[in-house]
Amino acid sequence: RSAAERLQKEKENETLKTELSLLRSQVSPHFMFNVLNNMVALARKQSDQLEPSLIKLSSLMRYMLYEADEEKVSLEKEIDYLRSYIDLQQQRFGKQVAVDVIIHPTDNHYEIEPMLLIPFVENAFKHGTGMIENARILIELKAEKGVLYFTVQNKFNPASEEVRDKTSGIGLTNVKRRLKLLYGKKHDLQIGKSDELFTTNLKIEFAS
């Protein structure tokens with residue numbers, strides 16, 4: 001390979017790193033606004049859940065500020081982050097939404113890019129709560145034989161579909177771009193709507 005080709009490859013790699021960094025940083029403020037809204041709601045209710053929630057928020061911020069700078073983190077850390085986020089959302093919505101979380105034991109130690117899974121869960125809470133009768137969200141994660149399977153499903157209100165499309169935000173758009181840049185053909189993302197259910201199925205093949 002010539003020196004010019006090597007230089008071009010290095011430039012492409014740097015451009016890729018920069019774009020991934022920007023995409024990741026755009027997710028963080030979007031997520032933080034949701035969590036801070038939770039804190040405000042708890043403060044208004046003078047809830048005794050405020051202190052443990054703030055402690056949980058502190059651990060989330062630590063993850064976002066320090067771990068998110070890493071190229072990859074353990075899947076276990078990303079799962080802990082997801083659990084904390086879900087806990088905070090459940091505290092906010094209480095009985096307004098039924099949340100089922102199924103995390104299967106992993107058969108190996110896997111690594112994943114930080115904050116890659118949260119936008120799908122964030123989207124489910126954003127569009128699967130509010131003016132929805134019998135609101136429910138399902139989150140299921142399984143990692144086995146070198147493959148991650150991640151499903152997020154929420155009930156939605158077709159009557160507010162037009163408004164939802166206009167306010168869909170940057171979360172899913174960004175994560176689609178990140179997945180394409182990071183995994184290319186090593187991932188498969190299926191998003192569909194049927195019977196008032198919005199379902200996301202993500203499959204990622206880990207590097208062997």
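Note that the structure is a prediction, hence the values are computed from the model and not measured.
- Between the side chain of E78 and the backbone N or O of L117, at least one donor-acceptor pair lies under 3.5 Å.
- Sequence neighbours left out, the pairs with a member in residues 35-58 that pass salt bridge (Lys or Arg N to Asp or Glu O under 4.0 Å) are K56-D87.
- With sequence neighbours excluded, no residue forms a salt bridge (Lys or Arg N to Asp or Glu O under 4.0 Å) with K176.
- Residues forming a side-chain hydrogen bond (donor to acceptor under 3.5 Å, both in side chains) with E111 (at least two apart in sequence, or on another chain): none.
- With contacts defined as side-chain heavy-atom distances shorter than 4.5 Å, the pair T200/F150 does not qualify.
- In terms of the salt bridge (Lys or Arg N to Asp or Glu O under 4.0 Å) criterion, E76 has no residue partners (sequence neighbours excluded).
- By the 4.5 Å heavy-atom criterion applied to side chains, L202 and D188 are not counted as neighbours.
- As a member of the Ile/Leu/Val/Met/Phe/Trp/Tyr network built from side-chain separations under 4.5 Å, L197 groups with nothing else and remains a singleton.
- Note on ring orientation: taking the six-membered ring where Trp is involved, the planes of Y110 and F206 are parallel (angle under 30°, cut-offs 30° and 60°).
- A distance of 12.0 Å separates CD1 of I79 from OG of S84, quoted to the nearest 0.5 Å.
- By the side chain to side chain contact (heavy atoms under 4.5 Å, CB included) test, Q49 pairs with L42, S47, P52, S53, Q91, sequence neighbours left out.
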Discussion item. Checking R177 against L179 for the side-chain contact (heavy atoms from CB on, under 4.5 Å) test, could you report, in this order, the C-alpha distance in whole Å, the side-chain angles of both residues, the deciding distance, and whether it holds?
Written reply: CA-CA 5 Å; R177 179 67 177 152; L179 284 166; over 6 Å; no
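- Distance CD/Q90 to CZ/R83: 11.0 Å, rounded to 0.5 Å.
- Taking N201 as the reference, T151, Q190, T199 meet the side chain to side chain contact (heavy atoms under 4.5 Å, CB included) condition, with sequence neighbours excluded.
- Partners of E133 by side chain to side chain contact (heavy atoms under 4.5 Å, CB included), not counting sequence neighbours: none found.
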May I have the list of side-chain donor-acceptor pairs in residues 134-146 shorter than 3.5 Å, sequence neighbours left out?
unit_1 : atom_1 : unit_2 : atom_2 : d
E140   : OE2    : H104   : NE2    : 2.7

Discussion item. Pair E205, H187 - check side-chain contact (heavy atoms from CB on, under 4.5 Å), show working.
Written reply: CA-CA 6 Å; E205 295 177 35; H187 88 284; over 6 Å; no
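- The closest side-chain heavy-atom distance from F125 to V99 is below 4.5 Å.
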Practice prompt. Apply side-chain contact (heavy atoms from CB on, under 4.5 Å) to the pair I132 and N154, showing each step before the final yes or no.
Written response: CA-CA 10 Å; I132 297 171; N154 64 273; 5.8 Å; no
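- In this structure, Y63 and Y81 have parallel ring planes: the angle between them is below the 30° cut-off, well short of the 60° mark.
- Taking every heavy atom of both residues into account, P119 and L172 meet most closely at O-CD2, 4.1 Å.
- Counting heavy atoms from C-beta on, the side chains of V97 and K155 never come closer than 4.5 Å.
- Judged as a side-chain hydrogen bond (donor to acceptor under 3.5 Å, both in side chains), and not counting sequence neighbours, K180 has no contacts.
- The hydrophobic cluster around V147 extends to Y149, counting ILVMFWY residues whose side-chain heavy atoms fall within less than 4.5 Å of a member.
- Side-chain contact between L182 and L116 is present, with heavy atoms from C-beta onward closer than 4.5 Å.
- Cluster membership for I86 and I55, using ILVMFWY side-chain heavy atoms within less than 4.5 angstrom, is not shared.
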Discussion item. I'd like to know whether V121 forms a side-chain contact (heavy atoms from CB on, under 4.5 Å) with N123, so could you lay out the CA-CA distance, the side-chain angles of the two residues, the decisive distance to 0.1 Å, and finally the verdict.
Written reply: CA-CA 5 Å; V121 178; N123 190 69; over 6 Å; no
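- Looking at every heavy atom in both residues, P114 comes nearest to K72 through CD-CA, 4.2 Å.
- Shown here are the salt bridge (Lys or Arg N to Asp or Glu O under 4.0 Å) partners of K203, two or more places apart in sequence or in another chain: there are none.
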